[in-house]
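Structure record follows, encoded as structure tokens.
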Amino acid sequence: MEPEAAAAALVSDAAAPEHHPSQLDVFKNRIRLLHDRNTHGFDAWVSLISAAEGMSADDIDVISLVYNSFLLEFPLCYGYWIKYAAHKARLCTNRDVVDIYEQAVQAVPHSVDLWVSYCGFGTCAYEEPADIRSLFERALSLVEKDYLCYRLWDKYIEFETSQKQLIQLASIYINTLRFPTKKLHMYYESFRKLVTLSEQEVTSCAAERLSGKMHTSEMIDGEDSELDISNIIADLFDQKGVHLSPEALKRYSSAGERLYKRSSKIYKEICCFEASIKRPFFHVKPLDEDQLENWHQYLDFVEKNGDFDWAVKLYERCLIPCANYSEFWIRYSEYVDAKGGREIANHALVRASSCFVKQYLSSPTMYQRRLLKVVELGYEV
């Protein structure tokens, strides 16, 4: 090689930039190491998220990679779903945020906190009030019987108050009395205020007739069949939707009183269980024996109550903090199967064995018990 050419080559090599891996590559390698080491350590994953948020807070590819990987390992961590959605809201489109929330409610459908966050986003992002109401109603269909659902009711009331739709508020206030939440008695007071204000809007003659007829004993008598709340609400206004119907208002008030009386009884019965729940969220740290026993006693009570839907929802709520305890998954599957809910039992066992307690099923006794259950019920594993 000529001296001039050799010198030029040396200059070229010296000027060549040194290759540095991208932040995305760095975090891919860190995640690969966690998987290679078969590390289920929660703290290691949380540290990885903190590092990504500190070093690449505005790099949605890194944020998505880390959160997606973490949530595959710990799908019940609804707080991290909420944080992930917040990152998407900051860096992406509303459609992207909705996609994350939809993944989240598929993974943790019975989390009040998750639905509160989703509905809060919906009230800001959606233009049509009907779309927002639909989201709230969807949420309530899953968590309405949760004692802590008052946070969702509060947000729904806040939205409908901003819309100034009396008929919608009337529907919400009576529905808050259908099942006891922590704020049951406060909702009852709001319900009574709404009834009082509505009575003042009807004619003085009708108001007198209502006050003369609405005695407590009359309102709480009658059969115990489920009240048709939707029809009662629909009849509150005349056909033009302008004037309140005195007779319909009487039925509305009576129905609310009956619901409140029934829910108050349940409220007193479950307060002790609710007060003993110290950790309602998922964590890998074990629960103490008192917590586990409280959940068993709470489930005993609800099963004896006879409300299958309530029992299923309480099991699902229980399985967030108790996800790593195979005894609860097995108890859940046995209960719903005995009640004819084989599909629910199937789903529970698949979730348990594929994700939550797979590392705890190494005990031959426990594994054989589950396997026998699967064979007995004809599940596909």
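The six-membered or imidazole ring of Trp295 lies away from that of Tyr325, with a centre-to-centre distance of 6.0 Å or more. Residues His35 and Trp45 place their aromatic rings such that the two centres sit under 6.0 Å apart.
Here CD1 of Ile132 is found 8.5 Å from SG of Cys124. Values are rounded to the nearest 0.5 Å. Between the CG atom of Leu169 and the CG atom of Leu194 there is a distance of 7.0 Å, given to the nearest 0.5 Å. Ser141 OG to Lys313 NZ: the interatomic distance, rounded to the nearest 0.5 Å, is 7.0 Å. Separating the CD1 atom in Ile174 from the OH atom in Tyr260 is a distance of 14.5 Å, to the nearest 0.5 Å. Atoms CG and CZ, from Asn346 and Arg351 in turn, are 11.0 Å apart once rounded to the nearest 0.5 Å. Taken to the nearest 0.5 Å, the CD1 atom of Ile60 stands 4.5 Å off from the NZ atom of Lys88.
Side-chain atoms of Glu73 and Leu34, non-hydrogen and from C-beta on, never get closer than 4.5 Å to each other. A 4.5 Å side-chain heavy-atom check between Asp154 and Tyr187 finds at least one atom pair inside the cut-off. Put simply, the side chain of Asp309 does not reach to within 4.5 Å of the side chain of Val312, judged on heavy atoms. Looking at heavy atoms from C-beta onward, Tyr156 lies out of side-chain contact with Asn175 at the 4.5 angstrom threshold. The shortest distance between side-chain heavy atoms of Arg95 and Val98 falls below 4.5 Å. Side-chain atoms of Pro321 and Pro280, non-hydrogen and from C-beta on, never get closer than 4.5 Å to each other. Residues Ile344 and Phe308 have side chains in contact (heavy-atom distance under 4.5 Å, counting atoms from C-beta outward).
A donor-acceptor pair is defined here as one N or O able to donate and one able to accept, closer than 3.5 Å; no such pair exists between the side chain of Ser171 and the backbone of Ile167. Although no hydrogens or angles enter the test, the distance criterion places a donor-acceptor pair under 3.5 Å between the side chain of Asp96 and the main chain of Thr93. The backbone N or O of Leu135 lies less than 3.5 Å from no partner atom in the side chain of Tyr118, so there is not a single donor-acceptor pair. Side-chain atoms of Ser134 never come within 3.5 Å of backbone atoms of Ala130 as a donor-acceptor pair (strictly under, hydrogens ignored). At distances below 3.5 Å, not a single donor-acceptor pair connects side-chain atoms of Ser254 with backbone N or O atoms of Lys250. Without hydrogens or angle criteria, Tyr298 side chain to Leu314 main chain gives no donor-acceptor distance under 3.5 Å. Judged by distance alone, the side chain of Ser245 and the main-chain N or O of Ala248 form a donor-acceptor pair under 3.5 Å. No donor-acceptor distance shorter than 3.5 angstrom exists from the side chain of Trp153 to the backbone of Tyr173, with no hydrogens or angles considered. With Trp81 contributing its side chain and Pro75 its backbone, the two residues share a donor-acceptor pair below 3.5 Å. With Gln291 contributing its side chain and Lys278 its backbone, the two residues share a donor-acceptor pair below 3.5 Å.
In plain terms, the two heavy atoms of Val97 and Ala85 that are nearest each other are CG1-O, 3.9 Å. Residue Leu152 comes nearest to Cys119 through the heavy atom pair CD1-SG, 3.9 Å, listed as atom of the first residue, atom of the second, then distance. Of all heavy-atom pairs between Asn324 and Val284, the closest is ND2-CA, 4.0 Å. Nearest heavy atom pair, residue Cys322 against residue Leu287, reads SG-CD1, 3.7 Å. Nearest approach of Cys149 to Thr181, heavy atoms of both residues: CB-CG2, 4.2 Å. Among all heavy-atom pairs drawn from Asn294 and Cys272, the shortest one is OD1-O, 4.3 Å.
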Practice problem: Check the pair Leu177 / Arg262 against side-chain contact (heavy atoms from CB on, under 4.5 Å), numbers first and verdict last. | Solution: CA-CA 9 Å; Leu177 307 179; Arg262 186 167 59 191; over 6 Å; no
Quiz prompt | From CA spacing to verdict: ring pair (Phe, Tyr, Trp, His ring centres under 6.0 Å), Trp329, Tyr332 | solution = CA-CA 5 Å; Trp329 291 99; Tyr332 183 25; 7.1 Å; no
Quiz prompt | Step-by-step salt bridge (Lys or Arg N to Asp or Glu O under 4.0 Å) determination, Glu257 to Arg192 | solution = CA-CA 9 Å; Glu257 294 291 342; Arg192 289 308 312 161; 3.2 Å; yes
Self-check item: Test log, rule side-chain contact (heavy atoms from CB on, under 4.5 Å), inputs Thr196 and Lys193
Solution: CA-CA 5 Å; Thr196 299; Lys193 288 177 183 178; 5.7 Å; no
Practice problem: Apply side-chain contact (heavy atoms from CB on, under 4.5 Å) to Lys285 and Arg279, showing your working. | Solution: CA-CA 11 Å; Lys285 293 180 180 178; Arg279 196 179 81 190; 3.8 Å; yes
Self-check item: salt bridge (Lys or Arg N to Asp or Glu O under 4.0 Å) assessment of Glu269 paired with Lys265
Solution: CA-CA 7 Å; Glu269 294 171 329; Lys265 180 178 181 295; 3.1 Å; yes
Quiz prompt | Verdict with supporting geometry, Cys271 and Tyr147, side-chain contact (heavy atoms from CB on, under 4.5 Å) | solution = CA-CA 9 Å; Cys271 274; Tyr147 183 76; 4.0 Å; yes
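Not counting sequence neighbours, the partners of Phe328 by the ring-ring contact (aromatic ring centres under 6.0 Å, His included) test are His296. Not a single ring-ring contact (aromatic ring centres under 6.0 Å, His included) links Tyr78 to another residue, sequence neighbours left out. Residues meeting the ring-ring contact (aromatic ring centres under 6.0 Å, His included) test with Phe70, sequence neighbours left out: Phe42, Phe74, Tyr80. Partners of Tyr67 according to the ring-ring contact (aromatic ring centres under 6.0 Å, His included) rule, which considers only residues two or more places apart in sequence or in another chain, are Tyr84, His87.
Inspection of the Gln106 and Glu102 side chains reveals no N or O donor paired with an N or O acceptor under 3.5 Å. For the residue pair Ser64 / Asp61, no side-chain donor-acceptor distance below 3.5 Å is found, with atom types taken as modelled.
Ring geometry, Tyr101 versus Phe121: the interplanar angle falls from 30° to 60°, so the pair is classed tilted. Classified by interplanar angle (parallel below 30°, tilted 30° to 60°, perpendicular above 60°), the ring pair Phe301/Phe273 is tilted.
Under a hydrophobic-cluster definition in which Ile, Leu, Val, Met, Phe, Trp and Tyr are linked whenever side-chain heavy atoms come within less than 4.5 Å, directly or via other members, Ile320 and Val105 are assigned to the same cluster. Note on Met186: it does not cluster hydrophobically with Leu148, by side-chain heavy-atom contacts below 4.5 Å among ILVMFWY residues. Linking ILVMFWY side-chain heavy atoms closer than 4.5 Å, directly or via other members, places Ile49 and Val26 in two distinct hydrophobic clusters.
Sorted by first and then second residue, the salt bridge (Lys or Arg N to Asp or Glu O under 4.0 Å) pairs involving residues 297-308 (not counting sequence neighbours) are Lys145-Asp307, Asp300-Arg331, Glu303-Arg331. Within the structure, the side-chain hydrogen bond (donor to acceptor under 3.5 Å, both in side chains) test picks out the following pairs touching residues 158-169 (sequence neighbours left out): Arg133-Glu160.
Within 6.0 Å of NZ on Lys183 lie more than 12 heavy atoms contributed by other residues, nucleotides or ligands.
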